[in-house]
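These notes are about the structure you will find just below.
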Amino acid sequence: MNLFTRRRSVALRAAAVAGVMAVAVASGGLAAHAAGAPTAVPPSSSRPFDAAGPSAEAGEAAATGKDWLHTQGNQIVDENGDKVWLTGTNWFGFNATERVFHGLWSGNITGITRSMADRGINIVRVPVSTQLLLEWKNGQAAVPSGVNTYANPELKDLTTLQVFDYWLALCEQYGIKVLLDVHSAEADNSGHIHPVWWKGALTGEQFYAAWEWVTARYKDNDTVVAMDVKNEPHGKQTESPRAKWDGSTDQDNFKYACETAGRRILAINPKVLVLCEGIEIYPRAGKSWSSQAEGDYHFNWWGGNLRGVRDHPVDLGTGNSQLVYSPHDYGPLVFQQPWFKGDWNRTTLERDVWDPNWLYLHKENTAPLLIGEWGGFLDDGPNQKWMTALRDLIAENRIHQTFWCLNPNSGDTGGLLLNDWTTWDEAKYALLKPALWQSGGKFVGLDHQVKLGGAGSTTGISLADLYGGGTPGGDTRAPTVPAALTSPARTSTSVSLSWTAATDDVGVTGYDVYRGTARIGTSTTPSYTDMGLTPGTAYTYTVRARDAAGNTSAASVPLQVSTADETGGGTLLSQGRNAWASSTEAGNNPDRAVDGDTSTRWGSTFQDNQWINVDLGASRTLSRVVLDWEAAYARGYRVQVSNDPNFSTWTDLYATTTGDGGTDTLTVNGTGRYVRVLGQTRATPYGISLYEFRVYGS
């Protein structure tokens with residue numbers, strides 16, 4: 001099954017505009033006006049430097065403060081040990097053939113940068129290429145053709161490296177931090193499609209040398225706080241080359257490449273964060289990298305598969321406190337992955353995709369996560385549903401993230417800016433905004449001295465503003481415990497909760513809601529509704545309050561509440577009963593399909609004609625069967641009943657050859673002690689798998 005062939009068109013109009021800008025630079029204003037550039041030069045008050053621009057060393061010498069970051073468990077903290085939250089976006093172009101930010105053919109670099117800070121972007125991920133870094137290293141930086149000097153008079157005659165240094169100084173002025181990302185080997189608009197970190201004449205050693213050079217150049221500049229070693233290493237089991245993840249020192253082992261690059265980076269600047277992305281595939285239990293069978297691998301997005309960390313964690317030696325893992329994740333408009341078929345939601349995404357591939361690293365307190373790319377078009381449909389689900393996960397868990405992307409010319413996602421490179425897509429920004437760090441109605445930056453948005457900002461604050469002058473420990477007082485937790489309403493599949501608001505010396509920013517020991521959601525108000533529950537089932541809830549510094553209080557007094565039975569649906573007969581099956585795959589035993597836990601499942605071997613049986617304990621009259629399928633569902637299946645203790649005689653309650661996964665709620669009429677689901681034909685190359693197999697009756 002071909003799970004992923006994403007092709008991001010990073011610059012639908014870049015080549016054409018670059019050509020126009022080349023003419024503009026060569027022949028002056030007439031060509032620039034013909035290209036639709038603004039006629040007005042930005043006022044000098046909006047430009048912090050002389051129009052000729054800073055010196056070539058401006059970025060190198062700037063920002064020698066105390067804004068370096070490191071990790072503690074799954075948190076990123078500053079030098080005082082105070083928790084921070086990196087929430088930003090991507091601005092690409094330096095990685096492409098233009099070798100400079102896209103959009104400078106019409107937008108002003110100062111205006112764009114300030115607008116990001118004013119709207120809460122506290123870090124920007126900047127894709128570059130190994131080829132570009134080596135050109136800079138060798139003194140080969142050229143004046144870019146893709147800059148309209150009518151829109152950007154401050155960039156006139158600057159080389160690509162000088163433009164980058166000029167922008168770093170702007171970031172320092174506006175309180176923005178920078179994450180560098182080697183996006184591709186070659187400076188190419190589609191360079192990210194190449195699966196590995198070497199290509200042709202660009203060797204692995206040059207890749208490491210490029211990282212060493214750029215680290216040394218900015219080692220005293222705490223505006224550049226993080227390095228993403230390589231964007232989206234990938235490749236399938238039959239492709240060559242392809243990236244793998246194991247304990248070897250093989251050239252194609254990205255775990256080893258990330259360790260090597262990371263150690264060489266940290267030998268120069270031990271205070272910078274090192275980000276390691278995932279890969280695309282990882283062998284299933286008992287399988288090896290030598291297999292070319294598709295069914296022997298787990299698949300995910302390019303850069304999104306970090307399953308290998310459990311067996312082979314990245315080892316940066318004494319620099320492990322600088323390690324951050326960085327998965328990527330996208331929605332169905334980028335590619336229709338199997339998990340987007342059938343009846344999917346945030347619960348299934350977290351359970352089936354995010355948890356096993358990367359979220360476990362956060363939940364098990366292994367290391368911080370920074371989701372380096374996520375985003376897409378708002379379609380009022382599946383893609384927006386996915387974006388909202390991931391946004392909520394990010395906000396509730398304070399997972400670090402850089403949204404893809406600022407650029408409107410990203411072909412399969414669009415951007416935060418519209419095509420004029422000035423106007424923001426307000427609907428998309430509104431979706432992103434809850435995942436930006438905020439406190440007291442203002443955005444929080446990562447600089448201790450400079451407010452996010454710069455001096456005099458009315459929308460942002462600095463870390464010193466938040467933590468009281470940078471005193472070690474900062475705000476360490478947790479909010480009070482939420483009181484009087486109660487359930488004012490319930491249905492067969494939902495429970496509404498409310499409680500008395502907590503208080504805090506700085507301010508409560510939200511509440512974490514737990515079902516049992518699992519955090520299931522968050523709320524900014526003292527109420528929450530838990531949905532998608534099982535009828536006639538008891539659940540236990542607690543609530544914790546959270547402040548802007550990430551402090552949580554003790555949990556509330558537990559509340560136990562049961563969902564209502566469904567009218568006419570009968571009593572749930574199968575939960576907790578004895579279940580057995582024709583086969584079991586990877587420890588997903590049949591009893592997991594009748595345990596009432598939608599995070600566990602039964603899975604069969606990769607064959608047709610697999611079945612699962614449940615013993616109801618006595619002959620019962622049946623009225624309804626609910627099948628909650630995993631992504632590996634049955635296309636053709638039968639639901640059968642029997643009273644035969646030898647299991648040789650079965651009566652069909654339901655049969656189909658056109659199953660489509662998701663949740664099947666079947667009205668049935670029959671009597672018997674044993675109920676069976678017989679999966680006759682699979683819909684995927686995998687086996688068949690059920691999260692829950694529920695039988696109702698009397």
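Computed from a predicted model, the values in this text were never measured in an experiment.
- In this structure, L275 CG and L370 CG are separated by 5.5 Å, a value rounded to the nearest 0.5 Å.
- Using a distance-only test at 3.5 Å, with no hydrogens or angles considered, no donor-acceptor pair links the side chain of Q173 to the main chain of L168.
- The pair D512-R398 does not meet the salt-bridge criterion, since no charged nitrogen lies less than 4.0 angstrom from a carboxylate oxygen.
- Side chain to side chain, W354 and D329 meet the donor-acceptor criterion of an N or O pair below 3.5 Å.
- Looking at F92, W421, F164, W167 one by one, the single match for ring pair (Phe, Tyr, Trp, His ring centres under 6.0 Å) with F101 turns out to be W167.
- For the pair N231/R125, a side-chain contact is recorded, criterion being any heavy-atom separation below 4.5 Å from C-beta on.
- Separation of the W404 and H192 ring centroids does not fall under the 6.0 Å cut-off.
- Cation-pi check for K428 over F377 is met; the charged atom lies under 6.0 angstrom from the ring centroid and within 45 degrees of its normal.
- Side-chain atoms of K385 and W344, non-hydrogen and from C-beta on, do get closer than 4.5 Å to each other.
- Taken from CG in L133 to CG in N95, the straight-line distance is 11.0 Å, to the nearest 0.5 Å.
- Side-chain atoms of W68 and N269, non-hydrogen and from C-beta on, do get closer than 4.5 Å to each other.
- Residues V272 and Y218 have side chains not in contact (no heavy-atom distance under 4.5 Å, counting atoms from C-beta outward).
- Using a 4.0 Å cut-off between charged side-chain N and carboxylate O, K177 and D447 make a salt bridge.
- Judged by the 6.0 Å distance and 45° axis criteria, K230 is not positioned over the aromatic ring of W211.
- Contact record, D222 with D67: OD2-N, 2.9 Å, taken as the closest heavy-atom pair.
- Looking at heavy atoms from C-beta onward, V229 lies out of side-chain contact with E277 at the 4.5 angstrom threshold.
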**Message:** Apply side-chain contact (heavy atoms from CB on, under 4.5 Å) to residues L155 and V100 and explain how you reach the verdict.
**Reply:** CA-CA 11 Å; L155 303 183; V100 73; over 6 Å; no
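- In this structure, D425 CG and L417 CG are separated by 9.0 Å, a value rounded to the nearest 0.5 Å.
- With sequence neighbours excluded, the residues satisfying salt bridge (charged side-chain N to carboxylate O under 4.0 Å, His left out) with K199 are E186.
- Among the candidates L179, L446, I123, the single residue satisfying the side-chain contact (heavy atoms from CB on, under 4.5 Å) test with V225 is I123.
- Remark: C405 pairs with no residue by the disulfide bond (SG atoms under 2.5 Å apart) rule, at least two apart or across chains.
- What you find for Y330 and E373 is that their closest heavy atoms are OH-OE1, 2.6 Å.
- Using modelled atom types, one side-chain atom of Q401 and one backbone atom of F403 make a donor-acceptor pair closer than 3.5 Å.
- Nearest heavy-atom pair across A210 and L134 is CB-CD2, 4.0 Å.
- A donor-acceptor distance shorter than 3.5 angstrom exists from the side chain of R391 to the backbone of L431, with no hydrogens or angles considered.
- The closest donor-acceptor contact from the side chain of T423 to the backbone of L418 lies at 3.5 Å or more, if one exists at all.
- Using a cutoff of 4.0 Å between basic side-chain nitrogens and carboxylate oxygens, E396 and R546 are not scored as salt-bridged.
- D118 places no side-chain N or O within donor-acceptor distance of the main-chain N or O of S115, the cut-off being under 3.5 Å.
- Residues N305 and E280 share a closest heavy-atom pair of ND2-O, 3.4 Å.
- Although no hydrogens or angles enter the test, the distance criterion places no donor-acceptor pair under 3.5 Å between the side chain of N357 and the main chain of W301.
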* **Y174 vs I121, side-chain contact (heavy atoms from CB on, under 4.5 Å): CA-CA, chis, key distance, verdict** => CA-CA 10 Å; Y174 295 127; I121 302 298; over 6 Å; no
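- For the pair H328 and W302, the minimum side-chain heavy-atom distance is 4.5 Å or more.
- The distance from atom OG1 of T97 to atom CG of N189, rounded to the nearest 0.5 Å, is 4.0 Å.
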ask   = Run the side-chain contact (heavy atoms from CB on, under 4.5 Å) check on R217 and D165 step by step: do they pass?
value = CA-CA 11 Å; R217 179 175 176 84; D165 283 343; 2.4 Å; yes
Stepwise side chain to side chain donor-acceptor pair (under 3.5 Å) test for T223 and N221: CA-CA 5 Å; T223 298; N221 186 338; 3.1 Å; yes
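- Atom CG of L452 and atom CG of N122 lie 6.0 Å apart (nearest 0.5 Å).
- Checked by atom type and distance alone, the side chain of T402 pairs as donor or acceptor with a backbone atom of G372 at under 3.5 Å.
- When all heavy atoms are compared, the tightest approach of S106 to N148 is N-CB, 4.5 Å.
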Walk me through whether F94 and D181 qualify under side-chain contact (heavy atoms from CB on, under 4.5 Å).
CA-CA 10 Å; F94 274 102; D181 150 52; over 6 Å; no
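- When the options V182, V196, L202 are evaluated for a side-chain contact (heavy atoms from CB on, under 4.5 Å) with F207, the one that passes is V182.
- L170 has its side chain within reach of Y166: a pair of non-hydrogen atoms, C-beta onward, lies under 4.5 Å apart.
- Between the side chain of Q131 and the main chain of A187, a donor-acceptor pair closer than 3.5 Å is present.
- Side chain of H400 to backbone of G88: no donor-acceptor contact under 3.5 angstrom is found.
- N74 contributes no side-chain N or O that, together with a main-chain N or O of L369, makes up a donor-acceptor pair within less than 3.5 Å.
- Here H194 contributes atom NE2 and H234 contributes atom NE2; the two are 8.5 Å apart, rounded to the nearest 0.5 Å.
- Checked by atom type, the side-chain pair W136/T159 shows no donor-acceptor distance below 3.5 Å.
- Residues G278 and P233 come closest through the heavy atom pair O-CG, 3.2 Å.
- Between K451 and K442 there is no side-chain heavy-atom pair separated by less than 4.5 Å.
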